[in-house]
Structures are given as structure tokens and as C-alpha cells.
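Just so we're on the same page: letters track the sequence lines, and every chain starts at 1. Here the structure is a predicted model, which is why all the values come from computation and not from measurement.
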Amino acid sequence: MPTDAHAASTPASPLDALALLRERFGDAARGAFPGTALPEPVVAASANAKFGDFQCNSAMAYAKVLGQPPRQVALALVEHVKLDDLAEPLGPASVAGPGFLNITLKPAWIERALTTLAVPAAQLGLTPDATMPHTVVDLCGVNLAKQMHIGHLRATVIGDTIARVLERLGGPDRVIRQNHVGDWGLPIAMVTAKLLALEAAGEVNLAAITIDQLDAIYKRAKGECDANVGAIRAAAAWGMGPKVIAELEEAAHDPLVALTHAKTTLVRLQSGDAGVRRVWQRIYDVTMAACIENCARLNSIVKPRHSAGESSYEAKLAPLVARLEASGVAELSAGALIVRLDELGIAEPCIVRKSDGGFIYATTDLAAIEHRVRTLGAGRVVYCVDARQALHFRQVFAAAHKAGIVPAEVSLEHAAFGTILGEDGRPFKSRSGESVRLGEVIDEAVARADAQVLARNPQMPDTQRAEVAKAVAIAAIRYTDLASERVKDYVFSLERMVKFEGDTGPYLLYALARVGSILRNAAEPASGAPSPHAAALAAALAPGGSFMITEPGEKALAMALLRYPQAVREVARTLEPHRLCACLYELAGAFSGFFESCPVLKAPSEQAKSARLRLCVLTQRVMTDGLGLLGIPTVERM
RNA sequence: GCGGGCGUAGCUCAAUUGGAUAGAGCAUCUGACUACGGAUCAGAAGGUUAGGGGUUCGACUCCCUUCGCCCGCACCA
């Protein structure tokens with residue numbers, strides 16, 4: 001759907017060459033072809049350096065509308081476009097191929113833009129945007145009595161990164177993290193019941209119980225409850241006779257007893273029975289302590305105050321469902337209460353109450369949405385949850401809107417992510433087929449990182465190396481998780497991700513360490529004598545000072561720096577952190593190129609030295625800021 | 001069966017949302033002033049973007065279709 005170029009648009013940031021060029025070419029199109037509605041101009045960074053820095057590709061499209069030859073249209077745009085301050089003058093030679101317009105920025109513009117970017121008040125082009133809606137980010141999502149495993153990694157890392165990016169853009173008070181804890185329902189009741197029994201039998205000490213023990217007890221309890229229940233259901237579904245089912249039920253006598261007991265426990269829990277509640281609270285505390293610790297180890301900001309257990313919505317479910325029923329949005333079907341969504345293109349209805357009268361997770365999610373929007377004031381709710389939940393969220397979002405639980409303008413988004421695969425291409429599991437504990441994965445990453453640092457830097461003190469290894473491990477894990485397209489599966493290979501070479505988190509830390517090394521050398525040379533670079537460094541650090549772009553290496557670095565603010569905004573819009581990863585990797589690469597071709601401390605003149613030092617300072621700031629958004633801690637040396 | 005996702009170099013991943021010769025990193029090969037951290041850089045080689053049709057001046061991208069893999073599909077969360 002082409003938009004009218006005559007429509008007003010928000011003014012472009014003075015840092016954003018791309019947006020400025022779009023603006024200018026929009027003006028040019030209106031000037032050259034008055035009265036004709038034309039689509040917004042298409043301007044893009046040139047893929048190939050020989051085509052300049054940017055290219056305008058609209059002449060071909062406009063030619064179609066105007067019925068003129070594309071090169072003629074291109075020439076008309078050249079005639080009308082005003083780029084004097086921004087780019088080298090365009091001429092007939094700027095038109096290439098079928099009508100591409102090649103644009104090269106003026107060094108003076110790049111230098112001014114860098115100066116603007118570097119001004120402290122500009123915050124690297126990311127001053128808080130007061131119009132950004134309050135945003136709830138649903139992340140982590142642990143379950144009571146279950147050890148965190150590899151399946152929690154992505155929800156924890158991606159969710160945290162999205163939250164960090166939105167906080168950077170809208171200010172810290174605009175983002176509310178919510179850890180939707182699975183702390184309610186029959187599964188929890190099963191463990192609670194089992195734990196009560198074990199405690200009564202003197203087999204466990206509740207005060208000293210660990211998450212590992214809870215995890216084991218959970219599995220036992222669950223096993224005892226649904227040992228043969230599945231078989232009975234299958235027998236019924238396959239139309240087997242009542243005799244077969246009766247036999248199975250006989251065999252499943254114990255499981256059914258356990259299940260019944262769990263159901264009774266659930267009722268007691270829901271009615272506030274103090275004895276049951278005490279055990280439940282203990283399970284909650286132990287689980288959450290482990291969760292918070294794991295998150296901290298991953299450098300994800302998930303604190304107790306972010307916990308939003310399903311139990312906290314318990315009291316709201318019945319009234320919510322009653323409203324849905326009264327308003328006619330929900331209807332009975334085969335004994336269950338459902339919200340039909342077929343008119344919204346979703347064939348499967350959203351079940352809000354089971355035929356046995358119980359509520360299910362969709363009900364809780366609806367209550368959570370209402371809370372997030374009405375109470376927490378969210379204008380946008382982002383769910384960082386496995387892609388397999390896609391249908392569930394489509395249903396819940398549609399139902400929420402249909403029922404008027406949230407206003408239509410509130411954006412409900414499922415930031416779906418793919419599965420972590422093992423190197424065999426199958427979902428990542430341990431040798432025994434069990435899911436791998438998150439803590440183990442982190443341990444191994446730290447061990448590998450430590451070995452790498454030791455091999456390369458044997459003289460580093462152990463305590464420092466331990467700190468560095470932690471940072472490298474986090475960089476490795478987080479960067480890999482964030483660097484590929486969110487919805488896709490990816491292969492988990494610690495060996496590859498902990499490498500210091502190539503497109504990895506550790507490489508980014510290395511690039512930053514090299515920047516820091518130059519600045520350290522500038523400040524304090526080996527001998528005790530005053531640094532010969534002191535004057536140049538002071539000039540470079542002086543606020544508001546000017547940049548100087550002459551060498552290709554300097555220009556490439558400058559262009560990479562200038563892309564940063566836009567990359568961060570793209571992440572906020574698309575909820576795709578890999579765009580920021582790519583931006584930072586390109587920045588690191590540009591710096592490496594600069595590092596090779598443009599000596600800083602041995603620069604040909606004092607002026608060049610100070611200008612290059614200024615580039616180093618800005619690179620350090622941008623890299624640090626960007627890594628911070630990815631939740632990757634930085635180190636001085638490694 | 002219906003719905004959704006995916007398929008890009010030997011391997012792991014990109015491609016600014018329709019633009020020029022599809023880019024990186026591993027691995028392979030060739031080079032680089034005894035180097036402000038060589039954990040680097042420059043270059044080479046590697047592709048029928050799963051196959052086939054269509055739309056378009058122009059397609060990895062949009063539409064149709066076949067193949068392959070993954071995931072969902074009312075009352076577990």
C-alpha cells in the first residue's frame with residue numbers, strides 16, 4: 001500500500017542520514033512532480049561501497065506512475081534534491097544502472113553528526129522518548145518445584161534484553177518486568193501433597209530442602225499421579241470396551257488415589273488451609289531463590305519484585321469469567337465456557353472454563369492481561385515465550401480484545417522464540433534424554449571461558465581471571481542466544497560460542513578491550529614520565545570537540561557509530577535483538593579495520609592523534625552502551 | 001486432515017522488509033610494516049537461496065504449487 005509522499009511525517013533526527021535523505025528526496029519528488037501522489041522515497045545504505053554510502057531507488061517506481069523513462073526521473077530528482085549540507089553534489093554521473101542514485105556523504109556532515117552523537121546530553125542519540133507507552137515485558141516464566149533448565153534460557157535472556165532496550169529508550173519507569181510464575185494448579189498441589197506426606201514420614205527436612213530435592217520430588221509426585229491415567233484416556237479415545245478400561249483403572253488404583261489426594265490438597269490450598277499453605281510457601285521461597293540466582297548469573301534483571309505468580313490472579317478468575325458470561329462474549333459449548341474467535345480468523349475457540357468448572361491457563365492469562373493494562377498501566381505487553389505457544393497467545397489476545405478486557409489500542413505482542421537444539425539438530429537434551437539444568441550450562445561456559453583466558457593470558461591473577469571468565473561466559477551465552485533471528489531455532493554449541501574469534505560475544509569484549517588499551521596507553525605510558533599523549537588525550541576528552549574524518553578506516557568507523565541509535569530503535573520496534581548484535585559486530589569489525597590502518601598514538605600529527613583518540617572514546621562509549629543493552633558485562637582486560 | 005513456522009556456501013548464521021555482483025563467521029588456501037592486545041587485518045575459493053511456476057523494470061523477500069523437517073490443533077500448564 002503506497003503512502004502519499006505529501007503526507008506530513010515526523011522530522012528526522014539530525015543524526016540519521018537515512019531519514020534525512022528520505023526527507024530530502026520526498027521534497028525533491030514533490031518539487032519535481034507537483035500534484036502527483038508518489039510513494040515515500042526508498043533510500044537505503046548501499047550494499048557495495050562503489051555505489052557510495054546510500055542509494056535512492058525510487059526513480060524506477062516513480063517512472064511507472066509518471067509514465068516517464070526512469071533515468072529521466074532520476075535526473076529530475078537530482079535536479080530538485082537539496083543535499084548541499086549533507087552529501088557530495090549529485091550530477092548525471094550519480095545515476096547508475098536503470099536509475100539508481102548513488103549518494104556519498106560529506107566528511108563535514110559526518111564530523112558534525114559524530115559531534116552531536118558524542119555530546120553527553122545526547123545520550124548517544126537515545127534520549128528518553130516521553131511518548132513511548134508503558135510496557136510490560138513477560139519474561140523468565142519459572143514453575144514451582146522445578147529446577148530451571150535450558151528451556152528457560154531464551155525467555156530469560158531475550159526478555160531481559162528487550163526490557164533493557166525499552167528502558168534505554170523510554171526511561172526505567174516505562175518498563176515493568178513480570179515473571180509469570182507457575183505457582184498454582186494441580187501440578188503444584190501434587191508436589192505439595194507429596195511433600196506434606198514425606199515430611200510427616202520424617203523423610204524430608206522442609207527447612208533445609210533444596211531446589212534439586214524439590215525437583216526430584218516433583219517428578220516422583222507427577223509420576224505417581226499420571227502413571228496410568230494417560231493409558232486410560234487413550235483406551236477411551238480408541239473406543240476400547242469398558243472392560244479394558246476397568247482393568248486399567250484397577251491397575252491404576254494407586255495413581256488415582258494420588259491424584260485424588262492432590263485434588264483435595266488443591267482445594268485446601270485454595271481455601272487458605274494454613275498447613276498446606278506453609279508447605280506451599282516453602283516451595284515458593286526455595287524455587288524463587290534459585291530462580292533469582294540463575295537470572296543473576298546470566299546477568300538478567302529478574303528480582304522478587306518482578307514475580308507475578310499465577311496464584312495472585314486466583315481471586316480474579318471467577319469474577320472475570322462471570323463478566324464474560326454475562327456480557328455474552330463467552331458461551332457454553334460441550335459443557336465448557338468458550339470465547340469464539342472464528343470471526344477473527346482463529347478457528348479454535350479460547351476456553352475460559354473447563355466443563356468441570358475449573359479454570360485453565362488461558363483464564364489466568366486473561367486476568368494477567370487485565371492486571372497489566374488496568375493496574376500497571378501498560379500500553380504494550382510483550383510476551384517472551386516459546387514459539388510453540390503461538391496459537392495460545394493468538395487466542396488469548398483476540399479474546400482479550402473481543403471481550404474489551406483491554407482497549408483496542410493496547411498492543412499485545414508475542415515475542416516468540418525458537419527451540420535450542422543440540423549439535424545433532426534435535427532439541428537440546430542431556431545424554432540421558434533429560435533437559436539440561438541451566439546452572440550446569442553456565443558452569444561449563446565459565447569453565448571453558450576460564451581455560452581460554454588462562455591460555456592466552458597466563459600471567460593474569462586468578463581472582464581477576466575468575467571475574468573475566470564470568471563475563472566471557474555470559475557474553476558467549478547471551479550473544480549466541482540473541483544474535484540469530486528470534487523466531488528461529490538455533491544450535492547450542494558451547495565450543496563455538498565461547499570462541500574469541502569470529503562473530504561471538506567474547507570477540508566483542510576483545511574489541512572493546514583493545515579500544516580501552518589504546519586509551520590506557522595514551523593516559524599512562526610504561527615509564528613514570530608524563531604521557532607524551534596527554535595533550536592529545538585531553539583534547540579528545542574535551543566535550544563538544546570536533547572530529548576529523550579523512551581516511552577510509554576513519555569513515556567506516558564513523559558510519560558504524562552513527563548507525564547505533566537507529567539499530568536500538570529497530571530492536572524496540574521489532575523486538576528482535578539480533579539487529580543490535582549485528583550493529584555491534586559491524587562496529588567491532590570497523591574498529592578493527594581502523595585499528596590496522598589508522599595508527600592512533602603514532603598518528604601523523606597531533607591533530608590527527610587527538611581526532612583518532614576521540615573516535616576511540618566514542619567507540620568505547622557506544623560499545624559499552626550496546627553491550628549493556630544486551631546484558632553483557634564488560635571487562636578492562638581479558 | 002487443518003493451521004502455523006522453517007528450508008540460504010561443507011558447518012553456524014545474515015541480508016536495512018521488493019533493489020545493482022545474496023553477505024559474515026568457522027573450516028580451507030594465500031599474503032601482512034618483529035604488531036597502539038596477531039584473540040587482528042587484507043585477499044582467494046566456496047551459491048540454480050529445497051524444486052517448479054507466476055507477479056514486477058527488479059524476487060531470498062510477495063502469490064500459487066510440489067518436496068522435506070519442526071510445531072500446534074478445544075477443557076495439561
Side-chain angles (χ1 to χ4, degrees), chain A residues 18 42 44-48 50-51 55 57-58 60-61 63-64 70 96-100 102 143 182 184-188 226 310 333-338 346-356 358-362 364-365 386-392 394-395 416 418-419 421 423 425-427 452-453 455-457 480 483-485 487-491 493 496-497 499-504 506-507 509-511 513-522 533 563 566-567 570 574 578-579 581-583 585-586 589 592-593 595-603 612 616 637-638:
Chain A
L18 203 53
V42 174
S46 298
N48 192 321
K50 77 179 176 190
F51 299 134
Q55 52 182 321
N57 303 327
S58 280
M60 287 80 81
K64 188 115 202 147
F100 294 107
N102 294 334
N143 295 304
W184 211 241
L186 195 55
I188 310 303
D226 51 33
E310 293 179 332
S333 171
L337 192 68
I338 66 167
I346 304 172
E348 298 85 348
C350 184
I351 297 178
V352 295
R353 192 181 64 210
K354 299 188 286 181
S355 51
D356 69 1
F359 303 125
I360 60 172
Y361 64 131
T364 310
D365 275 330
D386 195 299
R388 284 173 295 195
Q389 303 285 333
L391 175 60
H392 166 68
R394 282 181 64 213
Q395 292 173 314
T419 305
L421 306 175
E423 299 193 57
R426 306 287 311 156
Q452 294 255 44
V453 178
R456 292 183 156 92
N457 207 342
T480 307
S484 61
E485 216 181 324
V487 295
K488 293 190 180 175
D489 298 348
Y490 78 90
V491 176
S493 164
R496 194 168 41 238
M497 50 212 254
K499 281 202 168 174
F500 288 23
E501 305 91 3
D503 190 1
T504 67
Y507 169 75
L509 289 181
Y510 166 69
R514 288 212 295 181
V515 184
S517 182
I518 292 180
L519 295 174
R520 263 199 313 277
N521 291 339
H533 311 297
R563 275 193 288 270
Q566 223 27 59
E570 278 295 288
T574 62
H578 79 279
R579 296 165 187 273
C581 293
C583 170
Y585 180 65
E586 280 162 23
S592 283
F595 185 92
E596 294 287 328
S597 62
C598 304
V600 176
L601 301 181
K602 293 176 191 164
R612 286 176 183 176
C616 290
R637 304 165 200 263
M638 59 188 285

Output the rounded distance in Å from CZ (Phe500(A)) to C1' (C26(B)). 16 Å
Measure from CH2 on Trp184(A) to C1' on A77(B) and round the result to the nearest Å. 15 Å
Which whole-number value in Å describes the distance from Asn48(A) CG to G23(B) P? 8 Å
So, are Arg579(A) and Glu586(A) salt-bridged, with charged N and O less than 4.0 Å apart? no
Counting only side-chain N and O atoms of Tyr507(A), is one of them less than 4.0 Å from OP1 or OP2 of C41(B)? yes
Taking only the side-chain nitrogens and oxygens of Lys499(A), find out if one of them lies under 4.0 Å from OP1 or OP2 of U12(B). no
When the distance from CG of Leu601(A) to P of A35(B) is rounded to whole Å, what number comes out? 14 Å
Identify which nucleotide among A77(B), A20(B), C75(B) has an atom closest to any side-chain atom of Ala336(A), counting heavy atoms from C-beta outward. C75(B)
Is the base of G19(B) stacked against the aromatic ring of Phe100(A), taking ring centres under 5.5 Å apart and planes under 30° as the test? no
Quickly work out the His392(A) NE2 to C73(B) P distance and round it to whole Å. 11 Å
Hey, does Ala334(A) reach any base, or is it just sugar-phosphate, or nothing, if we go heavy atoms under 4.0 Å? base
Please state how far atom CD1 in Ile188(A) lies from atom P in A77(B), giving the value in whole angstrom units. 11 Å
Side-chain N or O of Lys602(A) versus OP1/OP2 of C36(B): is the shortest distance under 4.0 Å? yes
A74(B) phosphate, OP1 or OP2, under 4.0 Å from Lys354(A) side-chain N/O: no
As its Watson-Crick or G-U partner within any shown strand, both distances under 3.5 Å, G3(B) has C71(B)
Please determine whether a side-chain nitrogen or oxygen atom of Arg514(A) lies at a distance below 4.0 Å from atom OP1 or OP2 of A35(B). no
Taking the side chain of Glu348(A) as its heavy atoms from C-beta onward, which of C26(B), C73(B), U12(B) lies nearest to it? C73(B)
Any donor-acceptor N/O pair under 3.5 Å between A20(B) base and Asn102(A) side chain: yes
Between Ser592(A) and Arg514(A): side-chain donor-acceptor atoms closer than 3.5 Å: yes
Base A20(B) paired with Gln55(A) side chain (donor-acceptor, <3.5 Å): yes
Verify whether one side chain among Asn521(A) and His533(A) offers a donor that lies under 3.5 Å from an acceptor in the other. no
Identify the heavy atoms of Asn143(A) and Gly182(A) that sit nearest to each other, and give their distance. OD1-CA, 3.4 Å
With the six-membered base ring of C36(B) as reference, does the ring of Phe595(A) sit under 5.5 Å away with planes under 30° apart? yes
Rounded interatomic separation in angstrom, taking CZ from Phe51(A) and C1' from G19(B): 11 Å
Can you see if the side chain of Ser484(A) gets near the phosphate of C13(B) - specifically, an N or O under 4.0 Å from OP1 or OP2? no
Rounded to whole Å, the OH-P distance (Tyr510(A) to G25(B)) equals 15 Å
